[in-house]
Number of protein chains: 2
Amino acid sequence: MSPTATDPSSPERAGAAAGLTERQNEILEFIRQSLRESGYPPTRDDIAIRFGFRSKNAAQDHLKALARHGCIEIIPGDARGIRLLRDADEALSHQFELPLIGRIAAGSPVTAAANIDTWLRIDPELFHPRADFLHRVAGHSMKEANILDGDLVGIHAQADADNGQIVAAVLPHPKTGDDEITLKRYFRRGRKVILQPENSAPAYRPIEIDLAAGGEGSQEQAPFRIAGIYAGLIRSGG
Amino acid sequence: MSPTATDPSSPERAGAAAGLTERQNEILEFIRQSLRESGYPPTRDDIAIRFGFRSKNAAQDHLKALARHGCIEIIPGDARGIRLLRDADEALSHQFELPLIGRIAAGSPVTAAANIDTWLRIDPELFHPRADFLHRVAGHSMKEANILDGDLVGIHAQADADNGQIVAAVLPHPKTGDDEITLKRYFRRGRKVILQPENSAPAYRPIEIDLAAGGEGSQEQAPFRIAGIYAGLIRSGG
DNA sequence: AGGGATACTGTACAAAAAAGCAGCCCTGTA
DNA sequence: TACAGGGCTGCTTTTTTGTACAGTATCCCT
């Protein structure tokens, strides 16, 4: 058991907390499992038995390390006094939550952690197709599709769309240059993409993009990309 | 402390498990609270301190009683070895869920267990005011308020409403006589209540109710009541 | 080479917690 | 009136747990 790789710089598994060793992640995962299955945290002994430690102090050391990293909190003197902290709890708690995406840091994937404003407790499966993130609508350009200013729209992440679907398009803002999410109806005719608002007021004009000019699939800065397709919305207040 | 009423036949509080005494329900609620706030169950001592028992055996006795009633499971020998069983666990798991209410059994409160079709994972706090239940909209009568057929509306339970608010009204269906939930804009002028659809098509007529005729506050079957006010909606699919 | 972290073994002790026994006071019921 | 059950006090005993201290070994970085 001793020759286990313990290189702190080894790549972490997906879903594992950052900055932890493999062993520490295993311990953390065991705590989660214990909470799920028995409803209360493990003792030092439970951990030692599970991992084959001959001394429960090995478990204690690991718990201290996890506490130092801010993954758990140890309540001194309490039997099973282990509390999962926010970050460590994420994998568990985000099961029925959706990230709210606002501005997009230039060049980053839409759902990158840096772009997440907050998490909201909505089951992704309530949307069709399943939503991967939410975006707050600004403006009235989709009014006639019954999508209003302030609505939270559920977006199913995918890179392309069928003609006529409502998409969340990522476009650089004409003034700031920052990437922004816009909801529009998508049409493609040959090399041209048309992003069509659903508001017949004259102020709302379709956006036309010529893919030939360094567009889709090009290595240059793409003038636009599809973050996903509209999958539903949630509206708050009367 | 001893002269506390302990009549096992006393009426149970709303949300409390059936067949339990008041004291037992308090203990159960404390266990839930402990799980929510600290993340692990209480010890016998925790319970004794909370309720002012001089002997932790009082707590032990209560736990045994709860176990006998199938509300909890005691894992022998384990510190904090208390597990909430399914029924008892509901209050906890529904923390971020909302019941979907369809048909209303005649005369029953809207959110009675019998009227709940299913639970959906949406944080009630996402609506304003906070939603207490959801209802699926049938028909297009509120189309011009941007509430469409098939939308799930969040309803904040309250018995009255201001003029002009959108309410979930409970009305007997003209044919079946079953109570049904309808979304309409509410107006009251003296003794008359007007439930106004938001659809200018001629097929949609306002409903007028004369409260003088055995209506609101009367002992006879009320012709209508307000289940709550509209607090937002969730729409699925493009 | 040395300091520091991770990852353990082993021992010891005190506090925390479970669990049993005996008994008291009520109240509703047979 | 006897009896059962809920609701408690008090006390004892035995586990279960947390936690500190002393070491060993490996690996990384300076």
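All values reported here derive from a predicted model rather than from experimental measurement. Naming: A, B, ... by sequence-line order, numbering from 1 per chain.
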Tell me: [atom1] of [X] to [atom2] of [N], nearest whole Å?
X        : N       : atom1 : atom2 : value
Ile75(A) : dA16(C) : CD1   : C1'   : 15 Å
Glu26(A) : dT6(C)  : CD    : P     : 16 Å
Asp78(A) : dA18(C) : CG    : P     : 11 Å
Gln24(A) : dC8(C)  : CD    : P     : 10 Å
Arg54(A) : dT24(D) : CZ    : C1'   : 14 Å
Leu63(A) : dA20(D) : CG    : P     : 13 Å
Phe51(A) : dC8(C)  : CZ    : P     : 9 Å
Leu66(A) : dA7(C)  : CG    : C1'   : 13 Å

**Study point:** Side-chain heavy atoms of Tyr40(B) within contact of Ile82(A), under 4.5 Å
**Key:** no
Which residues satisfy the side chain to side chain donor-acceptor pair (under 3.5 Å) test with [X], sequence neighbours excluded?
X         : answer
Glu180(A) : Arg103(A), His173(A)
Thr43(B)  : Asp46(B)
Arg83(A)  : none

Practice item. Measure from the side-chain heavy atoms of Arg23(B) and tell me the nearest of dG6(D), dT6(C), dG7(D). Key: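 Given the options dG6(D), dT6(C), dG7(D), the side chain of Arg23(B) is closest to dG7(D).
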Exercise for review: Can you figure out which of dT6(C), dT9(C), dA19(C) approaches the side chain of Arg68(A) most closely?
Suggested key: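 In terms of side-chain proximity for Arg68(A), the closest of dT6(C), dT9(C), dA19(C) is dT6(C).
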For residues 127-134 of chain B, tabulate all N or O donor-acceptor pairs below 3.5 Å that involve a side-chain atom, not counting sequence neighbours.
from: Arg130(B); atom 1: NH1; to: Asp132(B); atom 2: OD1; distance (Å): 2.5
from: Asp132(B); atom 1: OD2; to: Ala157(B); atom 2: N; distance (Å): 2.7

Check your understanding: What residues form a ring-ring contact (aromatic ring centres under 6.0 Å, His included) with Phe30(B), not counting sequence neighbours?
Key ->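 Per chain and number, Phe30(B) pairs via ring-ring contact (aromatic ring centres under 6.0 Å, His included) with Phe51(B).
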Exercise for review: Tell me, please, which residues at least two apart from His135(B) pass ring-ring contact (aromatic ring centres under 6.0 Å, His included).
Suggested key: none
Exercise for review: For the pair Arg36(A) and Glu29(A), find out whether any cationic side-chain nitrogen is under 4.0 Å from an anionic carboxylate oxygen.
Suggested key: yes
Practice item. Map Ala58(A) and Ala65(A) onto DNA chain C by nearest heavy atom, then report which one ends up closer to the 5' terminus. Key: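 Counting from the 5' end, the first nearest nucleotide belongs to Ala65(A).
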Revision key, fill the gap. Ranking Lys56(A) and His62(A) by the position along DNA chain C of their nearest nucleotide, the one closer to 5' is His62(A)
Review point. Does Lys64(A) place a side-chain N or O at less than 4.0 Å from the phosphate oxygens OP1/OP2 of dA20(D)?
Key: yes
Practice item. Could you tell me which residues satisfy side-chain contact (heavy atoms from CB on, under 4.5 Å) with Asp179(B), sequence neighbours excluded, listed by chain and number? Key: Ile104(B), Val170(B), Pro172(B), Arg225(B)
Point to revise | Presence of donor-acceptor pair under 3.5 Å, side chain of Ser55(B) and base of dG10(D) | key: yes
Check your understanding: Using a heavy-atom distance cut-off of less than 4.0 Å, which residues of residues 42-49 of chain A contact DNA chain D?
Key ->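 Result for residues 42-49 of chain A: Thr43(A), Arg44(A), sorted by number.
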When the side chains of residues 106-113 of chain A are checked against the rest of the protein, which donor-acceptor pairs come out under 3.5 Å, sequence neighbours left out?
from: Ser108(A); atom 1: OG; to: Ala105(A); atom 2: O; distance (Å): 2.7
from: Ser108(A); atom 1: OG; to: Asn115(A); atom 2: ND2; distance (Å): 3.0

Restricting to nitrogen or oxygen on both sides, can you table the protein-nucleotides 21-26 of chain C pairs closer than 3.5 Å?
from: dC21(C); atom 1: N4; to: Asn57(B); atom 2: ND2; distance (Å): 3.1

Which atom pairs, one a donor and one an acceptor, fall under 3.5 Å between side chains of residues 52-61 of chain A and the rest of the protein, sequence neighbours left out?
from: Ser55(A); atom 1: OG; to: Asn57(A); atom 2: N; distance (Å): 3.0
from: Gln60(A); atom 1: OE1; to: Arg44(A); atom 2: NE; distance (Å): 2.9
from: Gln60(A); atom 1: OE1; to: Arg44(A); atom 2: NH2; distance (Å): 3.3

Point to revise | Angle by which the axis turns from one end of the helix from dA1(C)-dT30(D) to dA30(C)-dT1(D) to the other, five pairs per end, to 10 degrees | key: 30°
Practice item. Show your reasoning for whether side-chain contact (heavy atoms from CB on, under 4.5 Å) applies to Leu183(B) and Val167(B). Key: CA-CA 6 Å; Leu183(B) 221 58; Val167(B) 302; over 6 Å; no
